[in-house]
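The sequence lines fix the lettering, A, B, ..., with proteins before strands; numbering per chain opens at 1. We use all heavy atoms of the structure for the numbers below, so side chains are in, but hydrogens, waters and symmetry mates are not.
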Amino acid sequence: MKSIRVRFAPSPTGPLHIGGVRTALYNYLFAKQNNGKIILRIEDTDSVRFVPGAEQYIIESFDWLGITFDEGVHIPNKEGITYRQSERKSIYKQYADFLINSGKAYYAFDTPEEIEEKRKTIANFQYDASVRMQMKNSLTLSEEEVKNRMAKGESYVIRICIQPDEDIKVQDLIYGEVVINSSIVDDKVLWKSADQLPTYHLANVVDDHLMDISHVIRGSEWLPSTPLHVLLYRYLGWADSMPQFAHLPLLLKPDGNGKLSKRDGDRLGFPVFPLEWHDPNSSEVIAGYREKGYFPDALINFLALLGWNPGTEQEIFSLSELIEIFSLERVNKSGAKFDFEKAKWFNHQYLQMKSNNELAEKYKEFLAEKNLTAPDDYIQKIVELVKERAYFIHDLWEVSSFFFLRPDSYDEAVIRKRWQENTPQHLKAIKEIIAAEPNFQIDKAREQVKKYIEDHQLNMANIMNCLRLSLVGYAKGPDLFEIINLLGVEESSERIDIAINKIHPSL
RNA sequence: GGUCAGUUCGUCUAGGGGUUAGGACACAAGGUUUUCAUCCUUGCAACAGGGGUUCGAUUCCCCUACUGACUGCCA
């Protein structure tokens, strides 16, 4: 059996779209499952839309995600193969010439303006068998005229010459058999005059053949042009070794319909790109998952399930589990709306699974940006105590900042509801209880404080929340005695004193 | 406009000729807690419509509607 080789082939026209990440992921899973290879090829045949830095961005994104390639632009090889299409120009030219010589393609001299004019005046105009003999091309012009025009440097394109009225069958691994009549596909441009480079159609077919690609797994926006590619394989004499196609459903906007786009991210407030992107032209900064605090494995898990599922009720999958059970057969045909809330949920799940050590390391970096430091084991204990209420690393700050900073204010609503005239005296008493034991013990202290409250027939919720208020500043958070334990009895006592001095409810 | 494709809870989806149409997210209620969150329990909520085929259709077929992709010297 032919060995499995797949490719992910983005064009460097900007940051890598999250849909592209999913396509790459599915390619990766399929390759790894089958002991195959995955290749990263850069399709930069559009010199107009080229964006500097985009290629590097793509590589860095996969690096962050942990999706590794076997061959590609970023991986040196001793054969001297380049995976950047702009550097493979002469290869494509040979095949374009071959098609010309074998009558499967022709030169066309019609200017963009002339074609635009046709589109305007003729309904459903397309450059195909029905009109090609009325156009300016090497089929209608004499050989000499063609030579003349070319000698004069007149610009031309190379167009494929499609034979009309033939049913082209594509066996898609996901969509099944799709039949399209060749009459509806136009004589697509294979070679552009503008930048003297091939178009996607020619370049991708030539490369997939030369790179021995066994399966083309790509977005379903390519389905309509697949018949053209099939024809190209035939015209080039490669029909027997043509790769198998698998078209993936699109990622849709969360609201309404349509392809997910960069603007949706801005509009709805979630990232559409793996990494933050600094636009080199506008100096605009666009949000990325990494910078927003997502874990790469959580993002991958979320993305894997968007359009595919194993048919079981399992939701959490490691990369290696995904490699194990992924299958193209179980990929859906219909587009999936991007559910940002679920992405957050996955991140929460993954945060709970991370070790306290790993989380503490990340939290430490976060704290460093605020010029805060603390011993590693102290940070670890804090993380352990509060992590279940965090979805992101930065949430840890919201739920544990009081360990690093004394409260600078006290929640008014809690004061109004809980703080009473005799509260200070009881807090003082509780402070004494806590400080009484030479070695603070969480359970023992809790027991004793509760006993005090009961003995004095006080309202548990009122006293406890006032105690919390004085230590934390508000009425939320983990177990109070766990907090005291980490804060230390001395610090806790001081905070109680400060609170008693500062809080004067106006009734 | 043309071509191709898609359509199960709000969202991601499972299922498949006879099911109380299952799970997850979100949402709501209750429980737990000193509090908030987590967590647990419960609830809410779906087969686009119309024709066939069939004893029986959400499932198979056809039509319609809707949605999307494509329709560039972009990928």
Quiz item: For A:F302, which residues count as a ring-ring contact (aromatic ring centres under 6.0 Å, His included) partner, sequence neighbours excluded?
Solution: A:F338
Quiz prompt | Any side-chain donor near an acceptor of the partner, A:E87 and A:T82, under 3.5 Å | solution = yes
Mind listing the side-chain donor-acceptor pairs of residues 46-54 of chain A below 3.5 Å, one per line with the distance, residues two or more places apart or on another chain?
from, atom 1, to, atom 2, distance (Å)
A:D46, OD1, A:V48, N, 3.0
A:D46, OD1, A:R49, N, 3.3
A:D46, OD2, A:R49, NE, 3.3
A:S47, OG, A:D195, OD2, 2.6

Quiz prompt | A:Y200: partners by side chain to side chain donor-acceptor pair (under 3.5 Å), with sequence neighbours left out | solution = A:R218
Find every protein N or O atom lying less than 3.5 Å from an N or O atom of nucleotides 46-48 of chain B, and list the pairs.
none

Quiz item: With distance as the sole criterion, do the side chain of A:K342 and the base of B:A24 form a donor-acceptor contact below 3.5 Å?
Solution: yes
Self-check item: Touch class at under 4.0 angstrom, heavy-atom based, for A:G307 against every strand present
Solution: sugar-phosphate
Quiz item: Any donor-acceptor pair under 3.5 Å between the side chain of A:N124 and the base of B:G2?
Solution: no
Quiz item: So, is A:N332 close to the B:U13 phosphate, meaning a side-chain N or O under 4.0 Å from OP1 or OP2?
Solution: yes
Quiz item: Just by modelled atom types, is the A:G473 backbone N or O under 3.5 Å from a matching donor or acceptor in the A:D411 side chain?
Solution: no
Quiz item: Just wondering, do A:E177 and A:D172 contact through their side chains at under 4.5 Å, heavy atoms?
Solution: no
Check the interface with nucleotides 37-44 of chain B: list each N/O to N/O pair with the protein under 3.5 Å, or write none.
from, atom 1, to, atom 2, distance (Å)
B:A37, N1, A:E388, OE2, 3.3
B:A37, N3, A:R389, NH2, 3.2

Quiz item: Judged by atom type as modelled, is there a donor-acceptor pair below 3.5 Å linking the side chain of A:D187 to the main-chain atoms of A:C161?
Solution: no
Quiz item: Which letter, B, S or -, goes with each nucleotide of nucleotides 67-75 of chain B from 5' to 3', with contact meaning a protein heavy atom under 4.0 Å?
Solution: SSSS-SBBB
Quiz item: Does the ring centre of A:Y233 sit less than 6.0 Å away from the ring centre of A:H229?
Solution: no
Quiz item: Hey, mind stepping through A:Q349 and A:E315 against side-chain hydrogen bond (donor to acceptor under 3.5 Å, both in side chains) and telling me if it holds?
Solution: CA-CA 10 Å; A:Q349 296 296 311; A:E315 303 263 357; over 6 Å; no
Self-check item: Within the 6.0 Å centroid threshold, strictly below: A:Y107 and A:Y156
Solution: yes
